[in-house]
Number of protein chains: 2
Amino acid sequence: MSHQDLQLLSHDCGSCPIRHRAVCARCDADELQQLEQIKYYRSYQAGQTLIWSGDRMDFVASVVTGIATLTQTMEDGRRQMVGLLLPSDFVGRPGRQSAAYDVTAATDLVMCCFRKKPFEELMSKTPHVAQRLLEMTLDELDAAREWMLLLGRKTAREKIASLLSIIARRDASLKLRATKGVVTFDLPLTREEMADYLGLTLETVSRQMSALKRDGVIGLEGKRHVKVADFDRLLEETGDDSDGGFLN
Amino acid sequence: MSHQDLQLLSHDCGSCPIRHRAVCARCDADELQQLEQIKYYRSYQAGQTLIWSGDRMDFVASVVTGIATLTQTMEDGRRQMVGLLLPSDFVGRPGRQSAAYDVTAATDLVMCCFRKKPFEELMSKTPHVAQRLLEMTLDELDAAREWMLLLGRKTAREKIASLLSIIARRDASLKLRATKGVVTFDLPLTREEMADYLGLTLETVSRQMSALKRDGVIGLEGKRHVKVADFDRLLEETGDDSDGGFLN
DNA sequence: CGTTGGGTTGACTTCGCTCAAGTCACGTGG
DNA sequence: CCACGTGACTTGAGCGAAGTCAACCCAACG
């Protein structure tokens with residue numbers, strides 16, 4: 001890890017863009033101050049692998065800006081993405097000393113890191129961090145289960161449509177735009193990363209992207225910029241229940 | 001829900017078989033007593049669906065004995081299992097009012113249920129339940145990610161071998177037998193349930209079971225009883241890293 | 001202006017799915 | 001006891017969706 005990667009200037013938590021969504025969301029002023037003590041920022045460039053599976057981990061972290069991926073690799077090289085981390089998502093597991101997955105920057109990335117030991121102590125002493133982490137972990141588990149349905153039972157076309165709608169939705173939620181009318185967004189993933197997400201080959205991803213374009217479901221400007229004229233049409237292609245039953 | 005299904009006699013938590021592994025594992029005497037106040041047992045027969053996705057849920061619960069499954073179903077009937085719940089596993093999500101998945105008894109089943117409202121209050125007032133639930137949820141998330149690798153990248157044969165080794169391992173951990181020498185166990189799932197777990201059809205499951213038998217990896221007595229002479233051989237067939245790197 | 005990395009497309013193969021028939025163990029009623 | 005139905009499972013034949021291998025495009029970059 002070179003020194004250029006370290007940004008030692010910590011921003012004030014009060015002005016943090018993920019303040020209200022990250023592990024620290026429920027913290028009071030006092031807890032926040034304790035977190036300030038043990039936090040530091042780190043930046044990575046797109047493509048960089050921050051953590052290798054099996055590495056000793058002496059910190060946990062939140063994604064501040066950018067996108068990271070969690071992947072598992074088999075000996076023969078087959079790869080499966082098992083997590084897509086967006087701003088406010090949490091990396092690392094309190095109480096575990098080595099990483100279980102590779103963590104890679106899909107885009108340029110800024111992380112807010114906490115030294116693990118003091119973070120664990122803080123967690124055991126004050127309830128708000130642990131409470132929030134539980135919520136976030138339960139959300140991730142739900143997302144993982146949706147993902148399992150996708151991997152186990154959806155066709156290639158449905159997989160692509162699902163991924164596009166997931167990215168569109170999250171993109172909208174970051175930018176607070178409604179998903180009505182024409183939706184446009186940039187793919188933060190290469191075709192190969194999309195394939196690793198979906199349990200496909202990159203050729204199949206490419207073919208199905210072309211097919212969705214040919215059928216007028218999506219428009220493509222360049223390889224990465226996607227235009228969705230009729231979002232409901234895209235949703236139909238996902239195979240999911242049309243009345244996207246959002247529970248709580 | 002008929003009256004025969006209710007077993008109103010609560011056992012003492014002290015003699016509970018899952019006392020040291022369930023959400024209540026970290027509880028002190030006082031917390032345990034509070035839990036006793038709000039708990040009740042319920043039994044179900046194999047095949048019964050306890051909860052339908054979308055149902056209002058006024059309780060959360062632990063599996064005491066038996067096995068339950070979580071499944072998702074698409075409109076056209078495609079099904080994917082997304083959770084396999086063993087004794088001590090937790091069902092339901094505090095803070096959510098409706099179920100996200102179908103929950104079905106794979107075998108006869110006894111659940112220790114807690115009324116949701118008081119359980120949530122207990123969670124917010126005392127730390128030990130929430131702490132334990134966080135641990136358990138993180139474990140489930142790890143399991144879900146293994147499962148995603150299986151669904152996305154493994155061959156049918158590897159999927160079957162993986163499932164068999166998972167069941168063998170868990171069976172051993174319940175019975176405290178070492179996984180050395182000849183391992184034998186009963187499949188708690190039908191071929192169709194195995195298929196729903198693995199993202200396959202039941203025909204493919206059946207064919208691959210026959211193939212593993214033909215190749216001497218497993219022995220079958222009847223349809224459900226499995227005999228594994230060489231467990232390492234089975235592990236090779238899973239496609240996983242041979243040095244089953246168990247982290248913590 | 002050649003190289004490189006990401007992406008597309010085509011030809012062919014193959015693994016797992018579909019559809020269909022058949023086996024086996026078990027229970028039930030005549 | 002036997003005939004019958006039933007449900008879980010097995011096996012075969014044929015097919016098709018996605019994988020493999022290979023050629024090619026194109027934009028960026030040194």
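Quick note on labels: first sequence line is chain A, next is B, and so on, each numbered from 1.
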*Asks:* Tell me, with the steps shown, if Val103(B) and Val91(B) meet side chain to side chain contact (heavy atoms under 4.5 Å, CB included).
*Replies:* CA-CA 9 Å; Val103(B) 184; Val91(B) 182; 4.2 Å; yes
*Asks:* To the nearest 0.5 Å, what is the distance between CG (Leu163(B)) and OG1 (Thr238(B))?
*Replies:* 11.5 Å
*Asks:* First locate atom CG of Leu202(A), then atom CD of Glu193(A), and finally report the distance between them rounded to the nearest 0.5 Å.
*Replies:* 11.5 Å
*Asks:* Please report, rounded to the nearest Å, how far the P atom of dG19(D) is from the CG atom of Leu198(A).
*Replies:* 10 Å
*Asks:* For DNA chain C, find the residues of residues 204-216 of chain A with a heavy-atom distance under 4.0 Å and give them by number; none if there aren't any.
*Replies:* Ser206(A), Arg207(A), Ser210(A)
*Asks:* With heavy atoms of chain B within less than 4.0 Å as the criterion, where does contact along DNA chain C begin and end?
*Replies:* dG16(C) to dC19(C)
*Asks:* Base, sugar-phosphate, or nothing for Gly47(A), non-hydrogen atoms under 4.0 angstrom?
*Replies:* nothing
*Asks:* Between residues 219-229 of chain B and DNA chain D, which residues have a heavy-atom gap below 4.0 Å?
*Replies:* Lys223(B), Arg224(B)
*Asks:* Over how many whole Å does the gap from Leu202(A) atom CG to dA22(D) atom P extend?
*Replies:* 15 Å
*Asks:* Would you call Glu203(B) and Arg207(B) a salt bridge, taking side-chain N to carboxylate O under 4.0 Å as the test?
*Replies:* no
*Asks:* Output the distance between atom CD1 (Ile67(B)) and atom CG (Leu109(B)), rounded to the nearest 0.5 Å.
*Replies:* 9.0 Å
*Asks:* Please report the interatomic distance CG(Leu141(A)) to CD(Glu140(B)), rounded to the nearest 0.5 Å.
*Replies:* 5.5 Å
*Asks:* Under a 4.0 Å heavy-atom cut-off, which of residues 152-160 of chain A touch DNA chain D?
*Replies:* Thr155(A), Ala156(A)
*Asks:* Check for a donor-acceptor pair, side chain of Asp102(A) on one end and backbone N or O of Thr104(A) on the other, with a separation under 3.5 Å.
*Replies:* no
*Asks:* Does Tyr197(A) offer a backbone N or O that forms a donor-acceptor pair with the side chain of Trp147(A) under 3.5 Å?
*Replies:* yes
*Asks:* Between Gln80(B) and Asp196(B) (side chain of the first, backbone of the second, donor and acceptor by atom type, cut-off under 3.5 Å), is there such a pair?
*Replies:* yes
*Asks:* Which pairs count as ring pair (Phe, Tyr, Trp, His ring centres under 6.0 Å) when at least one residue sits in residues 62-82 of chain A, sequence neighbours excluded?
*Replies:* none
*Asks:* Determine which pairs satisfy side-chain hydrogen bond (donor to acceptor under 3.5 Å, both in side chains) with at least one residue from residues 209-223 of chain A, sequence neighbours left out, and list them in order.
*Replies:* Arg157(A)-Asp215(A), Glu221(A)-Lys227(A)
*Asks:* So does Asp139(A) pair up with Arg93(B), basic N to acidic O under 4.0 Å?
*Replies:* yes
*Asks:* Do Arg78(A) side-chain atoms and Arg153(B) backbone N/O form a donor-acceptor pair below 3.5 Å?
*Replies:* yes
*Asks:* Regarding dC21(D), can its base be found pairing with the side chain of Glu203(A) as donor and acceptor, where the two atoms are less than 3.5 Å apart?
*Replies:* yes
